[in-house]
There are 2 protein chains.
Amino acid sequence: MGASCIIRHFEFYSPLTDQDKKLLDSLEKAPRCVVKNESVWQEGASTDHFYTVRKGWMYAYRNMEDGTRQVLDIFVPGDIVGLREFAFRKRISGLTALTDAEICPFPKKRMLDVFSQSLLLCHIFFMIASRDQSILLERLVNLGRRSAKAKLAHFLVEISRRLEKTNVDIGNHYRIPLSQGLLADALGLSAVHVNRTFQELKEEGLVNPRHGGIELLDLEGLKAVAGFDPSYLEEDVHGLLAEARARHIAT
Amino acid sequence: MGASCIIRHFEFYSPLTDQDKKLLDSLEKAPRCVVKNESVWQEGASTDHFYTVRKGWMYAYRNMEDGTRQVLDIFVPGDIVGLREFAFRKRISGLTALTDAEICPFPKKRMLDVFSQSLLLCHIFFMIASRDQSILLERLVNLGRRSAKAKLAHFLVEISRRLEKTNVDIGNHYRIPLSQGLLADALGLSAVHVNRTFQELKEEGLVNPRHGGIELLDLEGLKAVAGFDPSYLEEDVHGLLAEARARHIAT
DNA sequence: CGCCGCGTTGAAGAAAATCAAAGCACGTGG
DNA sequence: CCACGTGCTTTGATTTTCTTCAACGCGGCG
């Protein structure tokens, strides 16, 4: 059996000591399987666990009083879910499975062990939180100041980029299991308009929407339409991190 | 002279030991004054410092290729600015002063000292990052799924809530120094439309827009218009935090 | 087969953007 | 103290973008 889900994620940032790995491993409890459309938690639920996504896709959402909803984030394998709610007792968004999936819970309480026992892991957790924020920021820009076409293109490119990062092995990250209705709720548009926007992108040969999914045909073209600037995804995996590693090993 | 800016902020979460205070104090360098409209950093600048806002208001923004911009966040006294970019070498948003202001830089490098020397402070930093994210999430909802009127009302209520938290002493947090143009860029609207929306709110007696600022007349009314649910601002200042404190003191 | 979820289409309407011009408050310099 | 410029607000007319509503198609699945 391979490295646990979270170890693989962390090793993207830095090599880990055996001790670190042991610590992380002890966090991760038995994986839990969820089926498509199964709800993992709802708004208001308790926040005693985080999850790492081992397989499949998930999404976080918020239901509005008027019956609409806002999809807040999409999670792909390797992502950590729930860190957002670290400071809160109750979840501020729901989480449900977009496809059949496998997720690994780990208890929030144990974060204290991590913080106290490994400077390096603590630092990496902080980097992950920072990255999450920067993704949200970009999503803000997307919702606030881009046309429907650019919104859609940008969102698709981002997802594809995020897949590349953790799924290097999977050659085809060009198949995206998002329905048009879900994209609408993620982008603050109506499903009808998403559909029409897709038709434009399709005519330009950029995407190929199929039943319940999208195929990305021309990433570069999409980037151009979106005005995509990847810098918000490009973390500094050297710099401070190296010093944290050095210091951590020294103790 | 009173406690440093950041100590006051942290004591909102938990009482600190003298050692913690000393550590925090050592982080905070000499305050820097900036005048209205002065730029503190631009997109792409280096991320070697965070800042705490001691006086005045600041805003973070992103300029788009087409000449528009998105205002990403507003900062009020007590806020910490720049944590977002912890994982990055370069800033992904600009920061400029909305009013004359006083900010206290502290070096990002020293975060390692904090993490290694104080479990409690580390934990609080994490809570702050979590809170920042939850504010961004709510802003996403605001941009994605609310009408112009609700957007505006919600944003104003949020600001007022955030002011209450750190500025308990200031009785009148009902005077907000935001121009309509800036609000437009924050809410993804045009300045013209913001103006018209203000007129509606004004007729209902909820706000009183004056030159270069807004007076909030009826917070409850605004909350109703916004469908404001404050839970995204209500952190759990007990729970894990208490355990962190206990453990921290034990060592 | 028939249902159900999702995608597609058309027509009509609402929300917000854009353009352009004018007004108003404030500071600055004469 | 007044004239002037500048930045922000206000207003009206027009246009664009996106939504809403309603209907239909289509594929998968029990």
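Chain letters run A, B, ... following the sequence lines, proteins first, then strands; residues in each count from 1. Atom set for the values below is all heavy atoms of this structure, side chains included, hydrogens, waters and symmetry mates excluded.
When rounded to the nearest whole Å, the span between CD of A/Q180 and C1' of D/dC26 equals 14 Å. The nearest whole Å value for the distance from the NZ atom in B/K149 to the P atom in C/dA15 is 11 Å. Atom CG in A/L183 sits about 13 Å away from atom P in C/dC6, given to the nearest Å. Between A/N195 atom CG and C/dG5 atom C1' there is a gap of 14 Å when expressed in whole angstrom units. Between the CZ atom of A/F198 and the P atom of D/dC18 there is a distance of 15 Å, given to the nearest Å. If you take CG of B/N37 and P of C/dG27, they are 14 Å apart, rounded to a whole angstrom. With rounding to whole Å, B/R145 atom CZ is found 8 Å from D/dT20 atom P. As rounded to whole Å, 9 Å separates atom P of C/dG27 from atom NZ of B/K36.
Residue A/G188 is classed as a sugar-phosphate contact, given heavy-atom separations below 4.0 Å to backbone atoms only. If you check every strand for non-hydrogen atoms under 4.0 Å, A/A148 touches sugar and phosphate atoms only.
The phosphate of C/dA25 (OP1 or OP2) has no side-chain N or O of B/H211 nearer than 4.0 angstrom. Considering only side-chain N and O atoms, B/Q199 lies under 4.0 angstrom from the phosphate OP1 or OP2 of D/dT11.
Residue B/E204 qualifies as enclosed at atom CD: its count of foreign heavy atoms under 6.0 Å is above 12.
Side-chain proximity of B/R196 to the nucleotides D/dT11, D/dC18, C/dT9 is greatest for D/dT11.
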Evaluate A/L152 against A/L201 for side-chain contact (heavy atoms from CB on, under 4.5 Å), listing each step before the verdict. CA-CA 9 Å; A/L152 196 44; A/L201 293 177; 4.0 Å; yes
From CA spacing to verdict: salt bridge (charged side-chain N to carboxylate O under 4.0 Å, His left out), A/R69, A/D185: CA-CA 6 Å; A/R69 69 172 182 178; A/D185 284 341; 2.6 Å; yes
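Of the two residues contacting DNA chain C, namely A/S179 and B/T197, the nearest-nucleotide position lying further toward the 5' end is that of A/S179.
Salt-bridge formation is detected for the pair A/E38/A/R32: a Lys NZ or Arg NE/NH1/NH2 atom is positioned less than 4.0 Å from an Asp or Glu carboxylate oxygen.
A distance below 6.0 Å separates the ring centres of B/Y59 and B/Y61.
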